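Reminder, nothing fancy here: chain letters follow the sequence lines and each chain counts from 1. Everything quoted here is computed from the prediction, not taken from an experiment.
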Protein chains: 2
Amino acid sequence: MPTSIPDIVISRLPIYLRALDRLAQEGFEVTSSQELGKRLGISSAQIRKDLSHFGGFGKQGTGYKITFLKDQLRAVLKIEREWEVVLVGAGDLGTAVARYRGFADRGFHITCVFDAAPDKVGKQVAGHVIQPIEKLPTVIREKNIQIAMIAVPAEYAQSVADILIESGVRAILNYAPINLNVPQEVHVQYIDPVLHLQQMTYYLS
Amino acid sequence: MPTSIPDIVISRLPIYLRALDRLAQEGFEVTSSQELGKRLGISSAQIRKDLSHFGGFGKQGTGYKITFLKDQLRAVLKIEREWEVVLVGAGDLGTAVARYRGFADRGFHITCVFDAAPDKVGKQVAGHVIQPIEKLPTVIREKNIQIAMIAVPAEYAQSVADILIESGVRAILNYAPINLNVPQEVHVQYIDPVLHLQQMTYYLS
DNA sequence: TAGATTGTTAATCGATTAACAATC
DNA sequence: TAGATTGTTAATCGATTAACAATC
């Protein structure tokens, strides 16, 4: 790798991929940076610049073949394969995440669901038997799992994260409304709908 | 307003607020840009710069009084008041959103839940009687609602958004994995967990 | 050929950081 | 007073945009 690619570029690739999926679904076979940009509210120059970090995927005068570009982006993002993910927390939020059907066809599969509450362990959620949190390290190590989702109350999120990282997890999607402190080689992303709402109210009257 | 404040600054304010809530909960009464920065992985200079757009909230040598700074940020973000929000979609995802307890104490209240499916209308979800989507314009206009959340399948999201906007909604939180086209005076934010996962896999081996 | 669109370079724009006087 | 930390300015850094030659 000559120079490392900006995080912000990486963060846009899944958005491009999602738009390409949509275009394919609508029956298009070819698209252009201009059309994609118009749909996404992004300049065409930025899209071409972003893609050019990874190679020349288009043809002058024509644009981009959608199936080809999708495959290329999937390869860049390493989602041609399916990733196994553990989910910690089987409360309201965890249950909703477990039931969410949007993961399957976009590269992710929930392997196993964990909870600390003894009354939840052994019960089922979305086809998974809930495992006690004590088994987390074993399962992660045995199945070599690199990705976890945290859906526990804010007070427990940090200690869950510590266990996950200690066991070998290297990417965490955190649904708890709290910042996690993690070593720099571990990646964390946050889902907090309230943050988005609070941002928008600034612009309202 | 002398010069308009960058969106990216606004987007960090709710994060600061969330961290301040946490600090308060832990019993702290005063904090500094350094401490806040350390917790959030943000430079102290950036925090001071961001806050300085809105006024001088701190004291040299001492830092920031947490309760005071919280109040100031809430005022800036306009969340001293509670905002009414409509939710469209009462499927798995919508139900989970309706049940989520994290909105209440952070400035938002779900007024009403809508769904298009006749077999869902009239049933209850999280204490709300599900309304038919035809009533959306009336409710929005009568209650003067400015914020909506969309939790319908991707294919319907755009047409729901069109109805919402037509009825007067000015901020949309979209849980459907699709980009919305909206007039520029309407604000849209997206929740798509898969996007975050796909970003992180790039960095995994 | 004429028209369209890419990939890339250079210019612009904006955000982050460093540094420090002011002052609690 | 000595130490700490703010608010702000100027310097740096990085990302976006404009422009265009190449070429399908």
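- In the displayed structure, B:E80 atom CD is contacted under 6.0 Å by more than 12 heavy atoms of other residues, nucleotides or ligands.
- Whole-Å rounding puts the B:I8 CD1 to C:dA15 P distance at 7 Å.
- Looking at the side chain of A:S32, the nearest of the listed nucleotides C:dT16, C:dA15, C:dT6 is C:dT6.
- Looking only at atom types and distance, the side chain of B:T31 has a donor-acceptor partner in the side chain of B:E35 under 3.5 Å away.
- A straight line from NZ of A:K49 to C1' of D:dA19 spans 14 Å, rounded to a whole angstrom.
- In this model, the phosphate group of D:dG7 is approached by a side-chain N or O of B:Y64 to a distance below 4.0 Å at OP1 or OP2.
- In this entry the distance linking CD1 of A:I5 with P of D:dT16 reads 14 Å, nearest Å.
- One interatomic measurement links the two molecules: NE2 of A:H53 to P of C:dT8, which rounds to 10 Å at whole-angstrom precision.
- Base pairing of C:dC13 is made with D:dG14, judged by Watson-Crick or G-U wobble geometry with both donor-acceptor distances under 3.5 Å.
- Nucleotide C:dT17 holds its P atom 9 Å from the CD1 atom of B:I42, rounded to whole Å.
- Protein atom CD of B:Q46 is 13 Å distant from nucleotide atom C1' of C:dG14, rounded to whole Å.
- Between A:E35 atom CD and C:dA4 atom P there is a gap of 15 Å when expressed in whole angstrom units.
- In this structure, A:K65 atom NZ and D:dC24 atom C1' are separated by 16 Å, rounded to whole Å.
- For B:R12, the side-chain atoms get nearest to C:dT16 when compared with the rest of C:dA15, C:dA18, C:dT16.
- Out of C:dT17, D:dT16, D:dC24, the shortest distance to the side chain of A:T62 is found at D:dC24.
- Along DNA chain D, the nucleotide closest to A:K59 and the one closest to B:A45 are compared, and the more 5′ of them pairs with B:A45.
- Remark: D:dC20 base-pairs with C:dG7. Criterion, Watson-Crick or G-U wobble with two distances under 3.5 Å.
- For B:S43, the listed nucleotide lying nearest its side chain is C:dT17; candidates were D:dA15, C:dT8, C:dT17.
- Side chain to side chain, B:Y16 and B:D21 fail the donor-acceptor criterion of an N or O pair below 3.5 Å.
- At C:dT6, one or more side-chain N or O atoms of A:S33 fall inside 4.0 Å of OP1 or OP2 (strictly under the cut-off).
- Aromatic ring pairs are classed by plane angle as parallel below 30°, tilted from 30° to 60° and perpendicular above 60°; the pair B:H187 and A:Y203 is parallel.
- Remark: B:R48 is in phosphate contact with D:dT6, judged by side-chain N or O atoms under 4.0 Å from OP1 or OP2.
- A salt bridge does not link A:E82 with A:R74: every distance from a Lys NZ or Arg NE/NH1/NH2 to an Asp or Glu carboxylate oxygen is 4.0 Å or more.
- Phosphate contact (OP1/OP2 of D:dA22, side-chain N/O of A:Q60, threshold under 4.0 Å): absent.
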